[in-house]
K.L.:
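Next up is a structure, given as structure tokens.
Please read these numbers as outputs of a predicted model, since none were measured by experiment.
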Amino acid sequence: MSTQNTQASHLWTITSDALDIPRSLYDRAAARHRAVGEWLCRPASSVAAYRPNVRPQGSFRFGTVIRPINPDAEYDLDHVVLFDGLNTSAMSQMALKELLGAELREYARVHGMKPPTEHHRCWRLHYRDEVAFHLDSLPCVPAKAGVQEALIRSGVEQPYALRAVAITDRRRPGYVAPISEWLTSNPRGFARWFESRAALGRDPLLLERIRAGAVEDVPPYDWRTPLQRSIQLLKRHRDMMFADSADLAPISMIITNLAAHAYRGEVDLADALAGIVARMGQFVQPLCPRVPNPTHPQEDYADKWSRDALLEQNFWLWYTQVQHDVESLSGPLTRIEPRTLQERFGVTLTAEEAARLAPRAPAIVSSRAVSGNAGAAAVVPQVIRDAPRPWGA
């Protein structure tokens, strides 16, 4: 490996380390998922007979969560509550959602929390102690066998297709009356697919265990793979660029999806990030679905682009900028513009870190800092009625 590449890899590792959250927050998030699951399965639960199965989703599941720019911002947790003992013909979407809502309201009351708020597809629990969280809880049932078979015929691998679910959505026709045709999704399949991508270039036995379904409870945030670190860096660059207009920013599921597609198993972080940034735009499809879920191709993470062209425009603005910035920060450290790292990623190297990376390079700053939005807002804020969100919205 060249000296230049070694420097770049160390620089990106230091930067991603600065963006990571303490292990204690991961543990707390995991504890909250478990607590809700245990509550739903307790003997007195009104839904225990339907075999609720709680599985974390989103950035905490993927191991790509980052510190927010604003230290007072809430961390966003997501999980699906799969009712294994039900099917789409057993009750209406509204009835299932209300069953979960009643249990979550009682959970909040017993734990001294404010009541959960209802969203189109999920319930949101609000936690507030020394760290603020909100937890989006999505009720679902197994997708019909016909849905799973159709996914397999479309090219989805069977272990992923079998994880498809039918979800509640109060905006859909038939929400109130019992019907068998529910909106389907595959968050659990996507999580498993992502883990298989993150494991590329790592221990082959780990990859086999993922494919065999033997690591459902192994926390991917402990892996710290080049793909996970690269996504953390891309998300922070996005956050800095849209610091004053977060509702206009590319959503994390789009970034995560495209980056995972673009990753080719590079074991060096600088190589992985450069390759991902060079290739990820190729995986945006010219027609709908523009950014499909690879484990449920009809599900489009960029579905709101068709309703607001500004969202797609801002994705390409961000993508062009991150390509430029990653390239400019991947050269010899002596040629790196210090402000670029601070303005685009909100991280400032300590003098010790700078000296360790390039002993002959001048010290570029004096202390570590996670900046707010200095020089970051490259997009004029505008108003969108509904902020883009993945499936749990």
K.L.:
Partners of Glu312 by salt bridge (charged side-chain N to carboxylate O under 4.0 Å, His left out), sequence neighbours excluded?
P.N.:
Arg290
K.L.:
Between His237 and Phe345, is the gap from one ring center to the other below 6.0 Å?
P.N.:
yes
K.L.:
Under 3.5 Å, side-chain donor or acceptor atoms of residues 43-50 against the rest of the protein: list the pairs with distances, not counting sequence neighbours.
P.N.:
| residue | atom | partner | partner atom | Å |
| --- | --- | --- | --- | --- |
| Ser45 | OG | Leu40 | O | 2.6 |
| Ser45 | OG | Val47 | N | 3.1 |
| Ser45 | OG | Ala48 | N | 3.4 |
| Ser46 | OG | Glu103 | OE2 | 2.8 |

K.L.:
How are the rings of Phe194 and Phe62 set relative to one another: parallel (under 30°), tilted (30 to 60°) or perpendicular (over 60°)?
P.N.:
tilted
K.L.:
Sorted by first residue and then second, give each ring-ring contact (aromatic ring centres under 6.0 Å, His included) pair with at least one member in residues 139-159; sequence neighbours left out.
P.N.:
none
K.L.:
Please enumerate all residues that pass salt bridge (charged side-chain N to carboxylate O under 4.0 Å, His left out) together with Lys144, with sequence neighbours excluded.
P.N.:
Glu181
K.L.:
Taking only distance into account, with no hydrogens and no angle test, what donor-acceptor pairs under 3.5 Å do side-chain atoms of residues 81-89 form with protein atoms, sequence neighbours excluded?
P.N.:
| residue | atom | partner | partner atom | Å |
| --- | --- | --- | --- | --- |
| Asn87 | OD1 | Ser89 | N | 2.9 |
| Asn87 | OD1 | Ala90 | N | 3.1 |
| Thr88 | OG1 | Ser180 | O | 3.0 |

K.L.:
Hey, what's the ring geometry for Trp39 with Tyr107, parallel, tilted or perpendicular (30° and 60° as the breaks)?
P.N.:
perpendicular
K.L.:
Is the centre of the His296 ring less than 6.0 Å from the centre of the Trp193 ring?
P.N.:
no
K.L.:
Which residues pass the salt bridge (charged side-chain N to carboxylate O under 4.0 Å, His left out) test with Arg238, sequence neighbours left out?
P.N.:
none
K.L.:
Quick one: do Arg105 and Glu98 make a salt bridge, cutoff under 4.0 Å?
P.N.:
yes
K.L.:
I want to know whether Phe242 and Trp318 have ring centres closer than 6.0 Å.
P.N.:
no
K.L.:
How are the rings of Phe60 and Phe133 set relative to one another: parallel (under 30°), tilted (30 to 60°) or perpendicular (over 60°)?
P.N.:
tilted
K.L.:
For the residue pair Thr225 and Gln228, confirm or rule out a side-chain donor-acceptor distance under 3.5 Å.
P.N.:
yes
K.L.:
How many angstroms lie between atom CZ of Arg124 and atom CG of Asp136, to the nearest 0.5 angstrom?
P.N.:
4.0 Å
